[in-house]
Amino acid sequence: MTLATAYWCILITALLPYVLALVAKTSGPGYNNRNPRAWLAKQDGNYRVQRANAAHLNAFEAFAPFAAGVLMAQFAGVDHGRIALLAVVFVAMRLAHGIFYVADVQLARSLAWLGGFACVVALMVMAATAIA
């Protein structure tokens with residue numbers, strides 16, 4: 001795997017929140033694009049919409065640290081294969097996280113989140129130790 005693989009993973013991770021937003025919008029009746037937040041607020045009993053929206057927000061939160069970790073590791077001279085491997089694992093964990101979130105599989109969701117978080121921490125630690 002090359003650094004290009006890690007860059008593709010950044011793109012996939014950047015697009016993932018929008019895929020999850022689409023899942024949320026198509027999971028409830030009468031979606032109104034004129035006022036999507038008001039529509040979402042009316043989805044009290046529709047837990048699939050709520051979970052998909054929560055996964056959407058969480059995917060946005062996860063993007064910046066991941067992208068920073070990949071770029072930090074690259075700039076620090078970490079082996080490109082290691083960066084790419086961690087990036088691929090991160091994407092797999094985030095895809096699983098979104099699926100488990102929407103499906104309401106709590107333990108698996110939390111483990112997928114933890115796996116993705118561990119990838120980000122590993123990228124940043126490798127960058128910091130390479131610079132030191």
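- Every residue two or more places apart in sequence or in another chain that forms a side chain to side chain contact (heavy atoms under 4.5 Å, CB included) with Leu40 is listed here: Val49, Asn53.
- Applying the ring-ring contact (aromatic ring centres under 6.0 Å, His included) rule to Tyr47 yields no partners; only residues at least two apart in sequence or on another chain are considered.
- Between the side chain of His56 and the backbone N or O of Pro17 there is at least one donor-acceptor pair closer than 3.5 Å.
- The side chain to side chain contact (heavy atoms under 4.5 Å, CB included) check on Ile12 picks up Val91, with sequence neighbours excluded.
- For Tyr31, the side-chain hydrogen bond (donor to acceptor under 3.5 Å, both in side chains) test picks out Lys25, Asn33, with sequence neighbours left out.
- Annotation: the span from Ile83 atom CD1 to Phe90 atom CZ amounts to 15.0 Å, rounded to 0.5 Å.
- In this view, Leu11 and Trp8, Leu15 satisfy the side chain to side chain contact (heavy atoms under 4.5 Å, CB included) rule, not counting sequence neighbours.
- Val88 belongs to a hydrophobic cluster whose other members, connected by ILVMFWY side-chain contacts under 4.5 Å either directly or through intermediates, are Met1, Leu85, Val89, Met93.
- Taking Ser27 as the reference, Arg48 meet the side-chain hydrogen bond (donor to acceptor under 3.5 Å, both in side chains) condition, with sequence neighbours excluded.
- When all heavy atoms of Phe63 and Ile10 are compared, the closest pair comes out as CE1-O, 3.5 Å.
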Side-chain donor-acceptor pairs of residues 111-132 under 3.5 Å, sequence neighbours excluded:
| residue | atom | partner | partner atom | Å |
| --- | --- | --- | --- | --- |
| Thr129 | OG1 | Val125 | O | 3.0 |
| Thr129 | OG1 | Met126 | O | 3.1 |

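- Note that CG of Leu16 and CZ of Phe66 are 11.0 Å apart. Values are rounded to the nearest 0.5 Å.
- A search for salt bridge (Lys or Arg N to Asp or Glu O under 4.0 Å) contacts involving Arg51 returns Asp104, not counting sequence neighbours.
- Residues Ala6 and Ala84 share a closest heavy-atom pair of CB-CA, 4.1 Å.
- Between the side chain of Gln50 and the backbone N or O of Asp44, at least one donor-acceptor pair lies under 3.5 Å.
- For the atom pair Leu3 CG and His80 NE2, the distance stands at 4.5 Å (nearest 0.5 Å).
- Side-chain contact between Ser110 and Phe100 is absent, with no heavy atoms from C-beta onward closer than 4.5 Å.
- Under the rule for a side chain to side chain contact (heavy atoms under 4.5 Å, CB included), the partners of Ala52 that lie at least two apart in sequence or sit in another chain are Val23, Ala24, Val102.
- Tyr18 is linked by a ring-ring contact (aromatic ring centres under 6.0 Å, His included) to Phe60, counting only residues two or more places apart in sequence or in another chain.
- For residues 74-101, no residue pair satisfies the salt bridge (charged side-chain N to carboxylate O under 4.0 Å, His left out) rule, not counting sequence neighbours.
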